[in-house]
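As the structure lists them, so they are numbered: ligands from 1, and atoms in each ligand from 1. Scope of the values below: all heavy atoms of this structure, side chains included, with no hydrogens, waters or symmetry mates. Along the sequence shown, residues are numbered consecutively beginning with 1.
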Amino acid sequence: MSTIFSKIIAKEIPADIVYEDELVMAFRDIAPSAPVHILIIPKAEIATVNDVAPSHEAALGRLFTVAARIASDEGIADDGFRLIVNCNKHGGQEVFHLHMHLLGGRRLGPMLAK
Ligand code: 5GP
């Protein structure tokens with residue numbers, strides 16, 4: 001099932017794209033939770049982490065190499081940052097196209113709200 005992210009990949013709706021290659025795309029979150037908040041997504045339509053298969057490993061590995069590259073480009077690599085992948089209801093997932101959040105630019109505090 002396609003989501004809004006498929007429309008961003010297809011350039012049918014605008015996004016502030018910071019990186020793109022044959023496997024992944026990265027763009028700024030529309031409602032940022034930190035000074036740097038970028039979503040890194042596989043171009044393949046993978047709904048959740050529960051749907052990950054061995055055939056996705058190249059794209060999912062690419063999410064990390066692109067995260068490191070963007071963190072460097074954004075100047076937040078040394079201070080540090082957080083990568084988050086939410087899954088389903090308890091994880092707080094809202095868009096059912098697997099994506100990695102790259103968050104940084106300030107101290108992010110404890111990992112989870114109590
Ligand atoms: P989730 O809660 O599914 O892990 O995160 C979905 C994220 O996608 C949210 O942080 C939300 O702000 C972002 N988002 C939802 N719709 C759009 C959109 O149309 N454009 C962009 N750039 N981000 C979006």
Exercise for review: List every atom of ligand 1 that sits less than 4.0 Å from any heavy atom of Asn86, numbering the atoms from 1 in the order shown and giving each element.
Suggested key: 1 (P), 2 (O), 4 (O)

Review point. By number and element, which atoms of ligand 1 are closer than 4.0 Å to a non-hydrogen atom of His101?
Key: 1 (P), 4 (O), 5 (O), 7 (C), 10 (O)

Review point. Which residue supplies the protein heavy atom nearest to atom 19 (O) of ligand 1, what is that atom called, and how far is it?
Key: Ile4 CG1, 3.6 Å

Check your understanding: In terms of the angle between their ring planes, are Phe5 and Phe27 parallel, tilted or perpendicular, with boundaries placed at 30° and 60°?
Key -> perpendicular

Check your understanding: In the protein, which heavy atom is nearest to atom 3 (O) of ligand 1, and how far is it?
Key -> Glu94 N, 2.6 Å

Exercise for review: Mind checking side-chain contact (heavy atoms from CB on, under 4.5 Å) for Ser2 and listing every partner two or more places apart, or none if nothing turns up?
Suggested key: Ser6, Glu45

Exercise for review: Output the list of atoms in ligand 1 that are nearer than 4.0 Å to some heavy atom of Phe5, sorted by atom number.
Suggested key: 8 (O)

Check your understanding: Ion pair present between Glu74 and Arg28, side-chain N to carboxylate O less than 4.0 angstrom?
Key -> yes

Point to revise | Option with minimal heavy-atom separation from atom 4 (O) of ligand 1, where the choices are Lys7, His99, Met100 | key: His99

Exercise for review: Compute the shortest N/O to N/O distance between Val95 and ligand 1 and return yes if it is under 3.5 Å, no if not.
Suggested key: yes

Review point. Would His97 and His99 satisfy ring-ring contact (aromatic ring centres under 6.0 Å, His included), going step by step from the backbone distance to the final call?
Key: CA-CA 6 Å; His97 182 129; His99 51 280; 7.9 Å; no

Check your understanding: Are Ile4 and Ile30 co-members of a hydrophobic cluster defined by side-chain heavy atoms under 4.5 Å apart?
Key -> no

**Study point:** Residue-ligand contact Gly92/ligand 1, heavy atom below 4.0 Å
**Key:** yes

Point to revise | Heavy atom of Phe96, distance to ligand 1 below 4.0 Å | key: no

Check your understanding: Do the side chains of Leu103 and Val36 get nearer than 4.5 Å, heavy atoms only?
Key -> no

Revision key, fill the gap. heavy-atom search around atom 22 (N) of ligand 1 in the protein gives Arg28 O, 2.9 Å

Exercise for review: Go through ligand 1 atom by atom and flag the ones less than 4.0 Å from a non-hydrogen atom of Leu39.
Suggested key: 8 (O), 13 (C), 23 (N)

Review point. Is it true that Arg62 and Glu57 make a salt bridge, defined as a side-chain N closer than 4.0 Å to a carboxylate O?
Key: no

Exercise for review: Counting heavy atoms only, name the option from Ile17, Asp29, Ile84 that's nearest to atom 12 (O) of ligand 1.
Suggested key: Asp29

Point to revise | Shared hydrophobic cluster, Ile70 / Leu98 (ILVMFWY, side-chain heavy atoms < 4.5 Å) | key: yes

Review point. Short list, please: which atoms of ligand 1 are under 4.0 Å from a heavy atom of Ala31?
Key: 12 (O)

**Study point:** Trace of the side chain to side chain contact (heavy atoms under 4.5 Å, CB included) decision for Leu83 with Phe64
**Key:** CA-CA 9 Å; Leu83 302 175; Phe64 278 91; 3.8 Å; yes

Practice item. Kindly identify the option in Ile30, Ile8, Ile13 whose heavy atom sits closest to atom 17 (C) of ligand 1. Key: Ile30

